[in-house]
Amino acid sequence: MWVNINESFASDIYQLYALVLQVIDGRSIFYYNPSKLECSWQSFQQHNLTTQPQWVWRSQMPYALLKEQQSSEVFVLACLPDLFNLNELAGLTASLSHLRDAPVLIELTNSSLLPRSSRDSLATQILSYCLQSYMLNVALYFQEWTKPVILYNFLAFPNFALIKNRFTGSSLGRQGGQLFPNQLNNLHGYTLRVMPDFSEPNTILYRDAHGVTRIAGFMWNFIDTFAKKLGASLSVVQPTWRPGRILGEANMLEFTKNGSVDIGLITVQAVEKSRHSWCIMLPLERPIKVRALYERILKAKALALLLISFGCYYLSFLLEIVTIPTWIRYCCRCLHLTPRLLALLLICACQAQLFSLMIMCPEEAPIDSFDALLASNLRIFGLRSEFDSLDGDFRARYAAAFRLTNNVSELFQLRNSFNTSWAYTITTIKWAIMDVQQNYFQSPLFRYSDLCLAHNTPYSILLSDESIYHKTLKLFTMRTQESGLLLHWMKQSFIDMLRADRMQLKDYSKPNQVQQLRLQDFQIAWLCYGGGLCLAVIVFAVELLRFYVNVCLDSL
């Protein structure tokens, strides 16, 4: 394959070729040669190193469609001249947009006349630029046909350090025989810059009993554990504007894109603004009022039956006056007890039902839709900024179901005090804390309803598009989810809120106690009694009127 060259160089190239085969392992290959140079890896290109797609790019302009046109991970073989050409390097990094973690092997041609010090300086320039472009898996070597091959790569953390490896005798001993060692296994104390939005309970900023400023909360525990796993430390970056200004999605995205911070912690889903991750926290259904109990019992049919019974009773008296056959008169006298028994049965049944309803008081109909919420007297207390970002049709239809405010503290104060006058928008993480606190109540006050504006994740960890932590953070998230750590940190946030004096461990519920009868409790009973008394007076007056009418007619 290589002829008329130094044996040690050929041996080194074969070893490098063997390492390349290990790294490729089913990857697509991207050959980058903008200056159309003669590279030793062109011999690789003549052999089918992989069955995956292969590209040869011979232009300094970036290949913008690389990510869209390949279906697997990429291995890059680049051929560059023996000088620092920023345009060619920029074309390479731009071609690997969203693929910066791809392994890259660079060959520098025509370098036989370069002194050793110049080679180290050139390798430092190229590899430093790759590190600034968030490319960690980069190695390079100089094309020499008479000398052993020296492989250059770098240590990224905690600071840039150039590493040189000889193939002969060492076999990349420092790197465990790996062409591209995992740089993120240990960051050696490197400081990760984190910008939290301090939205409770995800990130809580407070002072402890000794006056020391501390940070707690679910997302902070998550990112702190992630940093410790990488062997890194955390540094909190706060915006330079005036205190009290809200740190929004656009600001956080700007800080992560321009490299001011490595990781941004924010509590809304910033990917798609029309979908939010808020559900509704509804007060538990209240027992119906005493007046409603009577309304349930004294239905129109029951009242009609009672009036018919009394009507039949008085009709039997009229039949005694009218001339009718004797056998019918005897039958009517026997039926005098029927309307009385029917009325007594009806009254006893109503009274028994009333007592049963008072002992096991029924609750109001549950709210299971936004239409039911709109028809009830309950309203949702939420933030105007959240409501304004919802779908226009939804806002137009259910705007009357909301009471909006721009004061975040007012919402937190009402919700944390379990004020049952309102329903509230809430995230799944916040509800986990509220649910834990309700375990200390004699009876719960709220429930997490199925009325949701969306079911997305209610928090976001923002990274730049080319961040080197994407895969590692994704894998860490999956492992913490499977191990139950995420749920544990959510519940632990309740303790953090208590420690930061944001919530109080007290029972906000009002226990049901047996109370003495009050005068207003007899209101409906007095009304029924008054109505019956008025009816009796009217009947008595009608009877007297009939008697005196007959007396007057007899005196004429």
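What's counted below: heavy atoms across the whole structure, side chains too, no hydrogens, waters or symmetry copies.
- Judged by distance alone, with hydrogens and angles left aside, the side-chain atoms of E466 form no donor-acceptor pair with the main-chain N or O of Y134 at under 3.5 Å.
- Side chains of P283 and L378 form a contact here, defined as non-hydrogen atoms less than 4.5 Å apart.
- Here the straight-line distance linking atom CD1 of I223 with atom CZ of F226 works out to 6.0 Å at 0.5 Å rounding.
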| After noting the C-alpha distance and the side-chain angles of I280 and I426, does the key distance pass the side chain to side chain contact (heavy atoms under 4.5 Å, CB included) rule? | CA-CA 6 Å; I280 308 302; I426 195 170; over 6 Å; no
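- With rounding to the nearest 0.5 Å, the separation of CG in L265 from CD1 in I263 is 7.0 Å.
- For the residue pair N186 and G231, the shortest heavy atom distance occurs at OD1-CA, 4.1 Å.
- Counting only distance, with no hydrogens or angles, the side chain of Y424 and the backbone of N419 share a donor-acceptor pair below 3.5 Å.
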| request: Start with the C-alpha distance between F446 and M434, add both sets of side-chain angles, then the distance that settles side chain to side chain contact (heavy atoms under 4.5 Å, CB included), and finish with yes or no. | output: CA-CA 9 Å; F446 284 86; M434 305 291 281; over 6 Å; no
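- The two residues A432 and M490 have their closest heavy-atom pair at CB-CB, 4.4 Å.
- Side-chain contact check for L462 versus M195: every heavy-atom pair is 4.5 Å or farther apart.
- The line from CG of N406 to CZ of R384 is 5.5 Å long, rounded to the nearest 0.5 Å.
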| Pair I433-F218, side chain to side chain contact (heavy atoms under 4.5 Å, CB included): steps then yes or no | CA-CA 11 Å; I433 296 176; F218 158 70; over 6 Å; no
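- Using a 4.0 Å cut-off between a side-chain N of Lys or Arg and a carboxylate O of Asp or Glu, D371 and R397 qualify as a salt bridge.
- The shortest side-chain heavy-atom distance between W489 and T225 falls under the 4.5 Å cut-off.
- For the residue pair T405 and N407, no side-chain donor N or O sits within less than 3.5 Å of a side-chain acceptor on the partner.
- Open room surrounds CZ on R479; 12 or fewer heavy atoms of other groups in view lie less than 6.0 Å from it.
- One finds the CD1 atom of I204 at 9.5 Å from the CZ atom of R499 (value rounded to the nearest 0.5 Å).
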| From CA spacing to verdict: side chain to side chain contact (heavy atoms under 4.5 Å, CB included), L192, Y469 | CA-CA 11 Å; L192 292 177; Y469 306 107; 3.2 Å; yes
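- By the salt bridge (Lys or Arg N to Asp or Glu O under 4.0 Å) test, D435 is found to be paired with no residue, residues two or more places apart in sequence or in another chain being considered.
- With hydrogens and angles disregarded, no donor-acceptor distance shorter than 3.5 Å links the side chain of D224 to the backbone of W220.
- Taking the side chain as every heavy atom from C-beta outward, F412 and R502 never approach each other to under 4.5 Å.
- Counting all heavy atoms, side chain and backbone alike, F255 lies closest to N258 at O-OD1, 2.7 Å.
- When every heavy atom of I468 is checked against every heavy atom of L184, the shortest pair comes out as O-CD1, 3.2 Å.
- Minimum heavy-atom separation, L383 to L404: O-CD2, 4.0 Å.
- Using the six-membered ring where Trp is involved, F402 and F370 have ring planes that are parallel, under 30° apart on the 30 and 60° scheme.
- In this structure, R415 has no salt bridge (Lys or Arg N to Asp or Glu O under 4.0 Å) partners at least two apart in sequence or on a different chain.
- Not a single donor-acceptor pair under 3.5 Å links the side chain of R214 to the backbone N or O of G211.
- The backbone N or O of S133 lies less than 3.5 Å from a partner atom in the side chain of R100, making a donor-acceptor pair.
- A 4.5 Å side-chain heavy-atom check between D262 and S467 finds every atom pair outside the cut-off.
- Residue pairs meeting the ring pair (Phe, Tyr, Trp, His ring centres under 6.0 Å) criterion with at least one member in residues 192-212: none, sequence neighbours excluded.
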| request: Show the numbers, then the answer: is there a side chain to side chain donor-acceptor pair (under 3.5 Å) between S233 and T191? | output: CA-CA 5 Å; S233 59; T191 302; 3.2 Å; yes
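- Side-chain N or O atoms of S483 include one that pairs as donor or acceptor with a backbone N or O of T480 at under 3.5 Å.
- Annotation for A227 and L234: closest pair CB-CD2, 3.6 Å, computed over non-hydrogen atoms.
- Considering only heavy atoms from C-beta on, V436 stays 4.5 Å or farther from Q492 through its side chain.
- One finds the CD1 atom of I215 at 12.0 Å from the CG atom of D496 (value rounded to the nearest 0.5 Å).
- Proximity of a side-chain donor or acceptor of R193 to a complementary backbone N or O of G259 within less than 3.5 Å is detected.
- Between the side chain of R379 and the backbone N or O of S376 there is at least one donor-acceptor pair closer than 3.5 Å.
- Annotation: the span from H470 atom NE2 to I461 atom CD1 amounts to 11.5 Å, rounded to 0.5 Å.
- With a 4.5 Å cut-off on side-chain heavy atoms, L136 and D101 do not count as touching.
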